[in-house]
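These notes concern the structure reproduced below.
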2 protein chains.
Amino acid sequence: MISGWEGIREEVLRRIRVRDWPPGVTIPTEEELAVEFGVARATVNRALRELAGAGVLERRRKAGTRVALLPVRKATLDIPVIRQEVEARGQAHGFTLLTRTEGAPPVPVASRLGLGPSARAIYLETLHLADGRPFVFETRWLNPAVLPAPLPDFAVVSANEWLVAHVAYETGDIAFTAEGAGTREAAVLGVAEGAALFVTERTTWTAEAAITLVRLAHAPGYRLQTMI
Amino acid sequence: MISGWEGIREEVLRRIRVRDWPPGVTIPTEEELAVEFGVARATVNRALRELAGAGVLERRRKAGTRVALLPVRKATLDIPVIRQEVEARGQAHGFTLLTRTEGAPPVPVASRLGLGPSARAIYLETLHLADGRPFVFETRWLNPAVLPAPLPDFAVVSANEWLVAHVAYETGDIAFTAEGAGTREAAVLGVAEGAALFVTERTTWTAEAAITLVRLAHAPGYRLQTMI
DNA sequence: TCGGATATTATGTGCAGACATATTAGCGCC
DNA sequence: GGCGCTAATATGTCTGCACATAATATCCGA
């Protein structure tokens, strides 16, 4: 028997799967479905809203609800702290701070951080280890203007982890690319120059200013995986 | 003035950001927040539920709602059809079917598709073009047992697109890696052997059986990007 | 003191009704 | 026919209430 908003979600999904409601058609209104399933409209709404969020349905006021023609599948990625990621693989996490400098960042970095030409920033290079082997080479620019004092010793506390615990929740963007290892990356990660590396680049912001720009070059073999 | 569930979501987020509610603490109950904001509990519930879904809050019955200690950030990726992806970049999409064979797939493929050792599968190699230049090299195994007849001419209709339009909505998993271009990939994409390629691997399933296993090797410069 | 039954509590879900809002369809007018 | 206003309509959101469910806290007896 169908009941509850999850039950309705599954039933709607089933009808789409078996092509009772093929791609492109307008499905019955919330009102009609509520009557059919014997529930309140709010319950139908909850189910349809979830499916729209998943990209299976497209909803517009007055126009109604249609089955997506070319559904844009939405995959949700978890972006954990690196330590958690390593530990989730059953390995021991460690890290070494390789470099810590302060100064004016190069122009591309400054512009992506939204900093003026003379602003100073902190630069960190950290190598994360999984069971003692290189896992991720992290290069990070920090905007000291928005960091709460006192700053920790980043050789002891990973910047990655200190930030999520001590700096305001933020927005940002994240990008994934494949790049050949540069000279420095190759040396640090212990791979051949030009080896294919999975690279994550993230910029994070508070409401007003940029916090940090980080580039994670993962050791070969890294897989970013999720369910659809 | 704060009103509506989105307003409440923003206000809660603000309090977390400014550390009125630092990581780890239990925030007031829905009831209390409803009174404070002068709204119904359902409205507070909607706001908090969204934030919990985003990984900012952790909720447990009876225990209450806590600010996540090490928030697992969740990024949502859109997985569009390749044609849409190319057109969204303002380029013209085209594709060429390079290979179409049928036969018993290699063991690793058969096992990931959940096929028996003697089962037959269709193998396609397609090169997708953006403004005439190689964009993605697609290699795909199809399980003909679950495909609706008649099969189209995959030289005319991209398998990618035919599947989303003609096969039941499905679940699956998706993985991203960086790999050096093999001989064939290098030749097809027109890059040097060993060049770093961004690779997407997807397996999709109906409720019962595997539909397809596809590997997309993107031309250098590809960026998978999203907002957090 | 310990273990287990029981009460308490915060969230999860549901209902019926209401109003808001975006968007479309239709109508009238030129 | 084309344009602009108006009415109709489906979804979006909210309220106030209720009961379900899970997890914790408490109490009681051995």
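As the structure is a prediction and not an experimental result, all values here were calculated from the model. Basis for what follows: all heavy atoms, side chains included, without hydrogens, waters or symmetry-related copies. Residue numbers begin at 1 in each chain, while the letters A, B, ... track the order of the sequences.
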State plainly whether the residues Glu11(A) and Arg15(A) are in salt-bridge range, i.e. N to O under 4.0 Å.
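Counted as a salt bridge, because a side-chain N and a carboxylate O are separated by less than 4.0 Å.
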Derivation and outcome, salt bridge (charged side-chain N to carboxylate O under 4.0 Å, His left out), residues Arg112(A) and Glu201(A):
CA-CA 11 Å; Arg112(A) 285 198 53 187; Glu201(A) 278 181 19; 3.2 Å; yes
Does Glu6(A) or Arg60(A) map to a spot on DNA chain C nearer the 5' end, using the closest nucleotide for each?
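Closest to the 5' end, via its nearest nucleotide, is Glu6(A).
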Heavy-atom nearest nucleotide on DNA chain C for Ala63(A) versus Arg41(A): which residue maps closer to 5'?
Arg41(A)
Taking all atoms of both residues into account, what is the closest heavy-atom pair of Ala219(B) and Pro134(B), and its distance?
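Result for this residue pair: CB-O, 3.6 Å.
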[X] [atom1] to [N] [atom2], straight-line distance once rounded to whole Å:
X: Ile8(A); N: dG12(C); atom1: CD1; atom2: P; answer: 19 Å
X: Glu50(B); N: dT11(C); atom1: CD; atom2: P; answer: 17 Å
X: Leu51(B); N: dT11(C); atom1: CG; atom2: C1'; answer: 15 Å
X: Glu31(A); N: dC19(C); atom1: CD; atom2: C1'; answer: 14 Å

Matching residue for Glu161(A) among Gln84(A), Arg83(A), His166(A) - test: side-chain hydrogen bond (donor to acceptor under 3.5 Å, both in side chains)
Arg83(A)
For Arg59(B) and Glu30(B): C-alpha separation, side-chain torsions, deciding distance, then whether salt bridge (charged side-chain N to carboxylate O under 4.0 Å, His left out) applies.
CA-CA 11 Å; Arg59(B) 321 195 72 196; Glu30(B) 294 187 348; 2.7 Å; yes
Taking only N and O in the side chain of [X], is any of them less than 4.0 Å away from OP1 or OP2 of [N]?
X: Asn45(B); N: dT13(C); result: no
X: Arg59(B); N: dG12(C); result: yes
X: Thr43(A); N: dT13(C); result: no

Ring centres of Phe198(B) and Phe198(A) under 6.0 Å apart?
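Between Phe198(B) and Phe198(A), the centre distance is under 6.0 Å.
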Nearest 0.5 Å, what's the CZ-CG distance between Arg9(B) and Leu51(B)?
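These two atoms lie 7.0 Å from each other.
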Identify the 5'-most and 3'-most nucleotides of DNA chain D with at least one atom closer than 4.0 Å to a non-hydrogen atom of chain B.
dT13(D) to dT24(D)
Angle class for the Phe154(A)/Trp162(A) ring planes (parallel below 30°, perpendicular above 60°, tilted otherwise)?
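Rings of Phe154(A) and Trp162(A): perpendicular, over 60°.
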Can you check nucleotides 3-9 of chain C for protein contacts, nitrogen or oxygen pairs under 3.5 Å, and list what you find?
{"unit_1": "dT9(C)", "atom_1": "O4'", "unit_2": "Lys62(B)", "atom_2": "NZ", "d": "3.2"}

Determine, step by step, whether Glu179(B) and Thr177(B) satisfy the side-chain hydrogen bond (donor to acceptor under 3.5 Å, both in side chains) criterion, reporting the C-alpha distance in whole Å, the side-chain angles of both residues, the deciding distance to 0.1 Å, and the verdict.
CA-CA 6 Å; Glu179(B) 296 179 28; Thr177(B) 59; 3.0 Å; yes
